[in-house]
There are 2 protein chains.
Amino acid sequence: MTETAWHEELRAKGYRVTPQRQLVLEAVKTLGHGTPEEICAKVRQTARGVNISTVYRTLELLEELGMVTHTHLNHVAPTYHLAAEADHVHLVCRGCGEVSEVRPEMADGLVKGLEEELGFVADVRHLTVFGRCRGCRVA
Amino acid sequence: MTETAWHEELRAKGYRVTPQRQLVLEAVKTLGHGTPEEICAKVRQTARGVNISTVYRTLELLEELGMVTHTHLNHVAPTYHLAAEADHVHLVCRGCGEVSEVRPEMADGLVKGLEEELGFVADVRHLTVFGRCRGCRVA
DNA sequence: ATTCTTGCAAACAATTTGCAAAGAC
DNA sequence: GTCTTTGCAAATTGTTTGCAAGAAT
C-alpha cells in the first residue's frame with residue numbers, strides 16, 4: 001500500500017487524515033510490536049503529544065481498515081503490529097519473555113487438519129505459541 | 001487425583017482446605033471454561049457467597065498447585081480450566097464466539113517443527129487458534 | 001491457641017466514553 | 001461552514017492489596 005493509498009481509503013470511508021493517525025501508524029511500523037502504551041510513548045518521542053485515548057481510537061480504526069492486527073502476547077495488554085507484516089506465527093518464551101516470529105507454513109499441518117476435519121478456517125496471523133526457547137529450556 | 005488427594009496436598013504445603021476453595025474448584029470443573037467472574041457467579045448459584053477477590057486468590061493458588069491453568073481466549077478476561085482436562089488446543093470462532101477444543105495431536109506438526117528447527121518447546125495446552133467455524137465461514 | 005483465609009473496601013491498571021474545542025475537508 | 005477528530009477528565013472494568021474478623025488445624 002502506497003503512502004497515499006490509505007489516505008484515499010480513509011477519505012473514501014468518510015474518515016479524515018490527521019497527523020495523529022499518521023503518527024500512530026508510523027509508530028507501529030517502527031516498533032514492529034507494541035502495546036497501546038508503548039505506541040503512545042513512541043509517538044511522543046517525535047511529536048509533542050498524542051493522547052492515550054486517541055491511540056486506542058486510532059488503533060481500533062486502523063484495525064477496522066485492516067492495516068493493523070493485534071495478538072495477546074501477555075496477560076496485561078494487547079500487542080499491535082502491521083497487518084501487512086503480520087504473516088507469521090508468534091512465539092513467546094515463558095522463561096525469558098522473548099517474542100519471536102516464525103514462518104506461517106510452520107502451522108500448515110494444523111491449519112489443514114482443522115480445515116479438513118472441522119471446516120474451521122484458522123487465522124494463523126493471530127496465532128501465538130507459548131513455550132520455552134532453546135536457551136531457557138535447560139535453565 | 002482423588003477427592004482427598006488434593007486436600008492432603010494442600011495441607012502438606014501448609015495451606016488449608018476451605019469450603020471456598022472446594023467450591024471454586026468444583027465450579028471450574030462444572031463450567032469447563034470460565035473467567036474469574038463467571039466462576040464467581042457459578043459458585044454463588046449454590047453457596048451464599050464467595051468474594052470475587054477470594055476467587056482470584058484461589059485460582060492463583062490452584063494454578064500454583066497445577067490443578068488449573070488459564071488461557072487468554074478474549075481480550076477481556078483470562079479463562080480458567082482444569083489442568084487435568086487441559087490437554088487440548090482451543091479454538092475460538094470470531095463469528096459466533098464459540099469456544100471448542102480439539103486433540104493436541106492436531107498440532108503435532110507445528111510442535112515438532114518448532115522443536116527441531118528452533119529448539120523451542122511449545123506448550124500446546126496454552127495454544128489458542130482464532131478463526132471461523134464451519135457455520136460462520138459462509139455467513 | 002496459632003496461623004491461614006476471607007470479606008470488604010480502597011487502590012490500581014487498562015480501556016472507554018461524553019463533551020466542548022480544534023482541525024480536516 | 002460543516003462534520004470529524006482530539007484532548008481531557010470522568011466513568012468502567014478487571015485485578016490486586018491491606019487489614020481486621022473468622023475459620024481450619
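Not measured: the values here are computed from a predicted model. In what follows, chains are A, B, ... by sequence order, proteins preceding strands, each numbered from 1.
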Please give, in whole Å, the distance from [N] [atom2] to [X] [atom1]?
{"X": "B:R44", "N": "C:dG7", "atom1": "CZ", "atom2": "C1'", "answer": "11 Å"}
{"X": "A:E60", "N": "D:dT6", "atom1": "CD", "atom2": "C1'", "answer": "15 Å"}
{"X": "B:Y15", "N": "C:dT5", "atom1": "OH", "atom2": "C1'", "answer": "12 Å"}
{"X": "A:L23", "N": "D:dT6", "atom1": "CG", "atom2": "C1'", "answer": "13 Å"}
{"X": "A:L10", "N": "D:dC3", "atom1": "CG", "atom2": "C1'", "answer": "16 Å"}
{"X": "B:Q20", "N": "C:dC4", "atom1": "CD", "atom2": "C1'", "answer": "12 Å"}
{"X": "A:R11", "N": "D:dC3", "atom1": "CZ", "atom2": "P", "answer": "18 Å"}
{"X": "B:Q22", "N": "C:dT6", "atom1": "CD", "atom2": "C1'", "answer": "15 Å"}

Residue [X] excluded, over 12 heavy atoms near [atom1] under 6.0 Å:
{"X": "A:E37", "atom1": "CD", "answer": "no"}
{"X": "B:E63", "atom1": "CD", "answer": "yes"}
{"X": "B:E105", "atom1": "CD", "answer": "yes"}

Expected output is a numbered-order residue list: members of residues 34-43 of chain B with a heavy atom under 4.0 Å from any atom of DNA chain D. What is it?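 By residue number: B:P36.
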Scan residues 52-59 of chain B against DNA chain D and write down, sorted by residue number, each residue with any heavy atom closer than 4.0 Å; if none is found, say none.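 Contacting residues: B:S53, B:Y56, B:R57.
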Regarding A:H81 and A:E101, do their side chains bring together a donor and an acceptor under 3.5 Å, going by distance alone?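 Side chains of A:H81 and A:E101: no pair found under 3.5 Å.
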Nearest to the side chain of B:A77 - D:dT25, D:dG14, C:dT5?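 Looking only at side-chain atoms, B:A77 lies closest to D:dG14.
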Side chain of B:R16, heavy atoms from C-beta onward: which of C:dC8, D:dA24, D:dT15 has the nearest atom to it?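 The answer is D:dA24.
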Salt bridge present between A:R103 and B:E117 (N-O < 4.0 angstrom):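 Salt bridge between A:R103 and B:E117, a charged N being under 4.0 Å from a carboxylate O: yes.
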Any B:K29 side-chain heavy atom under 4.5 Å of B:E26 side chain: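 Yes, close enough: below the 4.5 Å cut-off.
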Trace of the ring-ring contact (aromatic ring centres under 6.0 Å, His included) decision for B:H90 with B:H72: CA-CA 10 Å; B:H90 281 109; B:H72 298 277; over 10 Å; no
Would you mind listing every ring pair (Phe, Tyr, Trp, His ring centres under 6.0 Å) that reaches into residues 8-29 of chain B, with sequence neighbours excluded?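 Pairs touching residues 8-29 of chain B that pass the test: none.
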Check B:H88 against B:P104 and note the closest heavy-atom contact, atom names and distance.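 It is CA-CD, 4.1 Å.
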Residue-phosphate contact under 4.0 Å: B:N51 side-chain N/O, C:dT6 OP1/OP2: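 For B:N51, the contact criterion (side-chain N or O under 4.0 Å from OP1 or OP2 of C:dT6) is not met.
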Most 5' of B:P78 and B:T18 on DNA chain D, judged by nearest nucleotide: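 The residue whose closest nucleotide sits nearer the 5' end is B:P78.
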